[in-house]
Every structure is written in C-alpha cells, then in structure tokens.
Student: 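For reference, the structure I am asking about is given below.
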Amino acid sequence: MKVQKVLVAGAGQMGAGIVQVAVVAGLQATMIDVADEFVAKGMAGIEKQLGRAVDKGRISADKRDAALGRITTGLDVSAGADADLFIEAAPESLVVKRGLLENAAVALRPEAIIATNTSSLSVTTLAGFVARPERFVGIHFFNPVPAMALVEVVRGAATADDTVAAARGFCEAVGKTPITVKDSPGFVVNRILFPMINGAAQALAEGVASAADIDTGLKLGANFPMGPLALADLVGLDTTKAILETLERDLGDAGYRPCPLLGELVAAGKLGRKSGEGFFTY
Ligand code: 3HC
C-alpha cells in the first residue's frame, strides 16, 4: 500500500516534525491534538521552519505555501479518518496512547496502517490495543525530525511483512532512511545512545568537568554534532529518564539506571529546552 494521506496525533516537536516532512514530500496530512492551543503551536512551528527553509533558498515560497495547504487540523481522529496511515506521537503514557490507538482502530478503514512513534514502550504491547495487530508497526523518528535522516521501523510480534514494507515505503517517500528493527527495549539507537548520555550526566554529577566542557569534549573529541547534555536537553530530560528506566527494567540491567542528577532535574521541572532549563539554560 502506498501512503498518500497521514493522520498524526500529537502536535508537539515530534508530531509537527512528522507532519512537516510529510507535506513537504507532497502527502496530505492531518495533525490533531487535545486542545486548539497545542495544534496552533504545532502549526506555528511548522510555518517557522518552512519560512526558514524559504529564506535559505531550500524551497520556493510557492512550494512552502502548497505544503502548508496540504495540512488540515482537528481535535480527534475523526478529523482525518480517511487516512492510509495513522501515527501517534503523543506523550509516552500507556494510558494516553491506548485511548488514541483504540479510537484510531475504530475510526480508520480496516486496511489503514496504525503506527506508534514511541521511544520507550513496547510495540507489541501497544498492538494489543488495536483490532488488527498485523497492521500495527513502530515508526520511530528522531529529533529534530526534519533534520534527522533515520527512522526505525519496528516490527512487533504480530506485524505483517506488507505492513513493514508500507512503513518503509512511507519513510522513503518523506526522504528518510529506514532501518528495520525487532521490538526490543530502546530499539537500536536509543539502546546505544542513552547510556552515553547517562554517562555524561554522571560525569557532571561527580564533578569531572563542567556541563559545557563535557559537551565540548564529545563534540571535538568524538565529532558529535552536539554534546550529550545538550542533546538530552533537546530530547527532554523526562523522556531521557523514561528511556533509561525502560532499558533498565526491560533488559534487567542496573547499568542503565538513570543517574540521580537526571531525576533531580526532572523533579525540579527542569526538562531541557522545552521548559527553558535543563543541563543548560535557554
Ligand atoms: N527543528 C527542525 N529543524 C531543525 C531544528 C529543529 N529544532 N534544528 C535544526 N534544524 C534543521 C535546520 O533547519 C537545518 O536544516 P537545513 O539543512 O534544511 O537548512 C538543519 O537542521 C541543520 O541545522 P543548523 O545548521 O541550524 O544546525 P546544526 O548544523 O548545528 O545542526 C542539529 C543542528 C541537526 C540538531 C545537529 O546538532 C544534530 O544533528 N544534533 C544531534 C541530534 C540527534 O542526535 N538527535 C537524535 C536524538 S535521539 C532521538 O530523537 C530518539 C528519541 O526516541 C528520543
């Protein structure tokens, strides 16, 4: 199946990013969230990003306008029930995702694909909330979505081969490189990346170096585009902590336990860029 219309639940940084790359690639997209203000914020972010792309000469103003014209918005799945593909990019809460997936499974055509952008929940568990788990798949984008070339296509226990193929085709159509991954904690990238971020937080907590110097160390000493602490701030410290907790619990390995400093920052509401402060101040 070739995806032409996508319905994205969640207008946060991931959801809006997915909508942006979809419409720039010529697809139709509907973006929904629980309140008008979230939808408006997501749309403003997309308009800002595409405005920058025009200023840099990456796309023409006409192409930008056409892309924006392919977006519709709403407050529930009925706003885009004719979609070929539904992607939930809601907060990492099983309860929230369950409600969304159950509604999508009822509202969408039976042949539509239902996907999750989860980074820390089991795709096979989430597939239990839809009537046709063979049509369910993980489509895990990276942050910031427009700038990151990779997508992990995550095969749950019941995911059918043609669902994986359609998900990979969608990723390629929006300009990304998919890799196919078995449903397992942290998939490939987060399983390897987040222990490194945790190590940076631990080094900071032990006073090995300042946050700025730790990040400079990894940027200049390992050629990372940004340091691990700045990256945690970009991802969100709450999400970072949730991913590490999943790795620790589901792999049964205390080596993944989130550094206490991470928990302290989250408890203090310092969630990174989105709250204005994390390891760094924004
Ligand atoms: N939103 C959208 N686009 C953005 C962006 C943002 N917040 N920040 C940068 N970009 C885009 C720019 O528009 C630009 O696009 P262009 O090439 O078409 O003009 C491109 O990214 C490069 O941006 P800049 O030149 O301004 O900045 P840099 O060269 O410093 O790159 C970066 C910024 C792409 C964020 C780079 O620092 C980077 O790659 N950092 C690492 C990001 C990373 O590792 N992400 C993965 C996190 S883990 C994850 O997402 C998994 C999840 O489960 C938590």
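On a predicted model such as this, the values are computed, not experimentally measured, just so you know.
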Student: Would you call Lys241-Glu245 a salt bridge at under 4.0 Å N-O?
Tutor: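 Salt bridge between Lys241 and Glu245, a charged N being under 4.0 Å from a carboxylate O: yes.
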Student: Look at the side-chain heavy atoms of Ile, Leu, Val, Met, Phe, Trp and Tyr, link any pair under 4.5 Å apart, and say whether Leu94 and Ile87 land in one connected group.
Tutor: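 Looking at the clustering, Ile87 is in a separate group from Leu94.
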Student: Calculate, to the nearest 0.5 Å, the distance between atoms CG and CD belonging to Leu108 and Glu111 respectively.
Tutor: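 The distance works out to 9.5 Å.
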Student: How close do Val137 and Val153 get, counting heavy atoms only, and between which atoms?
Tutor: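 For Val137 and Val153, the tightest heavy-atom pair comes out as CG2-CG1, 3.9 Å.
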Student: Do Phe224 and Val208 sit in the same hydrophobic cluster, where Ile, Leu, Val, Met, Phe, Trp and Tyr count as joined when their side-chain heavy atoms come under 4.5 Å apart?
Tutor: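 Phe224 does not cluster with Val208.
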Student: Answer yes or no: does atom CZ of Arg70 have more than 12 heavy-atom neighbours from other residues, nucleotides or ligands under 6.0 Å?
Tutor: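 Enclosed: over 12 neighbouring heavy atoms sit under 6.0 Å from CZ of Arg70.
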Student: Val54 versus Leu50: any side-chain heavy-atom pair under 4.5 Å?
Tutor: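 No, their side chains stay 4.5 Å or more apart.
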Student: For the pair Ile139 and Thr116, evaluate side chain to side chain contact (heavy atoms under 4.5 Å, CB included) and give the outcome as yes or no after the intermediate values.
Tutor: CA-CA 6 Å; Ile139 301 184; Thr116 175; over 6 Å; no
Student: Charged N to carboxylate O below 4.0 Å: is that the case for Asp238 and Lys270?
Tutor: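 Between Lys270 and Asp238 there is no salt bridge, as every charged N stays at least 4.0 Å from the carboxylate O atoms.
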Student: Can you tell me how far apart CZ (Arg98) and CG (Asn103) are? Round to the nearest 0.5 Å.
Tutor: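 Those atoms lie 11.5 Å apart.
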Student: Does some side-chain heavy atom of Val23 sit less than 4.5 Å from a side-chain heavy atom of Gln28?
Tutor: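 Gln28 vs Val23: side chains apart.
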Student: Can you tell me if Thr125 uses its side chain to pair, donor with acceptor, with the backbone of Val123 under 3.5 Å?
Tutor: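 A pair under 3.5 Å: no.
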Student: Are Val189 and Phe141 linked, directly or through other ILVMFWY residues, by side chains that come within less than 4.5 angstrom of each other?
Tutor: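 Val189 and Phe141: separate clusters.
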Student: Please find the pair of heavy atoms, one from Leu237 and one from Gly278, that lie closest to each other, and give the distance.
Tutor: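 Between these two residues, the closest heavy atoms are CD1-CA, 3.9 Å.
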Student: Is there a side chain to side chain contact (heavy atoms under 4.5 Å, CB included) between Arg135 and Ile114? Walk through the geometry before answering.
Tutor: CA-CA 6 Å; Arg135 305 299 285 160; Ile114 301 187; 5.9 Å; no
Student: How far apart are the closest heavy atoms of Ala230 and Asp215, and which atoms are they?
Tutor: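 Smallest interatomic distance, heavy atoms only, reads N-OD2, 2.8 Å.
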Student: Output, in order, the C-alpha distance, side-chain angles, deciding distance and verdict of side chain to side chain contact (heavy atoms under 4.5 Å, CB included) for Arg249 and Thr246.
Tutor: CA-CA 5 Å; Arg249 184 188 63 234; Thr246 300; 4.0 Å; yes
Student: Identify the two heavy atoms, one from Ala131 and one from Ala105, that lie closest to each other, and give their separation to 0.1 Å.
Tutor: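 Minimum heavy-atom contact is N-CB, 4.1 Å.
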Student: Membership question, hydrophobic clusters at under 4.5 Å side-chain separation (ILVMFWY): are Met14 and Leu27 in the same one?
Tutor: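 Leu27 and Met14: one cluster.
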Student: Could you tell me if the side chain of Glu248 sits less than 4.5 Å from the side chain of Ile243, heavy atoms only?
Tutor: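 Counting from C-beta outward, Ile243 and Glu248 never come under 4.5 Å.
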Student: Looking only at side-chain N and O atoms, does Thr118 offer a donor or acceptor that is under 3.5 Å from a partner on Glu92?
Tutor: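 Their side chains do contain a donor-acceptor pair, which is all the 3.5 Å distance test asks for.
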Student: Which residue, Thr73, Leu7, Val6, forms the side-chain contact (heavy atoms from CB on, under 4.5 Å) with Thr30?
Tutor: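 Of all the options given, the one that passes is Leu7.
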Student: What pair of heavy atoms forms the shortest contact from Thr159 to Phe136, and how long is it?
Tutor: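 The pair with the smallest heavy-atom distance is OG1-O, 2.8 Å.
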Student: Give the ring-plane orientation class for His140 versus Phe142, where under 30° counts as parallel, over 60° as perpendicular and anything between as tilted.
Tutor: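 Ring orientation of His140 relative to Phe142: tilted.
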Student: Does a salt bridge link Arg155 with Asp161, judged by any charged N lying under 4.0 Å from a carboxylate O?
Tutor: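 Yes.
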Student: Can you confirm whether more than 12 heavy atoms, excluding those of Arg257, are under 6.0 Å from its CZ atom?
Tutor: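 Not more than 12 within 6.0 Å, no.
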Student: Once you round to the nearest 0.5 Å, how far does NZ of Lys176 lie from CD1 of Ile179?
Tutor: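 Nearest 0.5 Å value for the NZ-CD1 distance: 14.0 Å.
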Student: Walk me through whether Val151 and Arg168 qualify under side chain to side chain contact (heavy atoms under 4.5 Å, CB included).
Tutor: CA-CA 9 Å; Val151 179; Arg168 289 184 61 99; over 6 Å; no
Student: Anything under 3.5 Å between a donor and an acceptor, one on a side chain of residues 75-86, the other on a protein residue two or more places apart or in another chain? List them.
Tutor:
unit_1, atom_1, unit_2, atom_2, d
Asp76, OD1, Ser78, N, 2.9
Asp76, OD1, Ser78, OG, 2.4
Asp82, OD1, Lys5, NZ, 2.9
Asp82, OD2, Lys5, NZ, 3.2
Asp84, OD1, Arg109, NH2, 2.9
Asp84, OD2, Gln4, N, 2.7
Asp84, OD2, Lys5, N, 2.8

Student: Rounded to the nearest 0.5 Å, what separation is found between the CG atom of Asp233 and the CZ atom of Arg273?
Tutor: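 That separation rounds to 8.0 Å.
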Student: Is there a side-chain contact between Leu68 and Arg64, using heavy atoms and a 4.5 Å cut-off?
Tutor: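 They are in side-chain contact.
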Student: Should we say atom CG of Asp213 is surrounded by more than 12 heavy atoms from elsewhere, each under 6.0 Å from it?
Tutor: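 Yes - once you tally the heavy atoms of other residues, nucleotides and ligands closer than 6.0 Å, there are more than 12.
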Student: Could you tell me whether the side chain of Phe129 reaches within less than 4.5 Å of the side chain of Leu100, counting heavy atoms only?
Tutor: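 Not touching, per the 4.5 Å side-chain cut-off.
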Student: Within the 4.5 Å heavy-atom criterion, are Glu102 and Val130 side-chain neighbours or not?
Tutor: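 When only atoms from C-beta onward are counted, Val130 and Glu102 do not touch, as no gap falls below 4.5 Å.
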Student: Indicate whether the side chain of Thr124 and that of Asp183 have a donor and an acceptor atom separated by less than 3.5 Å.
Tutor: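 On atom types as modelled, these side chains qualify, holding a pair under 3.5 Å.
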Student: When you compare the side chain of Pro110 with that of Arg132, does any pair of heavy atoms fall below 4.5 Å?
Tutor: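 Yes, at least one pair of side-chain atoms sits under 4.5 Å.
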Student: With rounding to the nearest 0.5 angstrom, report the CD1 to CE distance, Ile113 to Met1.
Tutor: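 These two atoms lie 5.0 Å from each other.
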Student: On a heavy-atom basis, which atom in Asn143 and which in Gln13 lie closest, and how many Å separate them?
Tutor: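 Between these two residues, the closest heavy atoms are ND2-NE2, 3.2 Å.
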Student: Under 4.5 Å between side-chain heavy atoms, counting indirect links through other Ile/Leu/Val/Met/Phe/Trp/Tyr residues: same cluster for Val8 and Phe38 or not?
Tutor: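 Result: no, two separate clusters.
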Student: Got Phe279 and Leu265 here, is their nearest side-chain heavy-atom distance under 4.5 Å?
Tutor: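 Yes, their side chains come closer than 4.5 Å.
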Student: Please report the interatomic distance CD1(Ile71) to CE(Met43), rounded to the nearest 0.5 Å.
Tutor: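 Output value for this atom pair is 4.0 Å.
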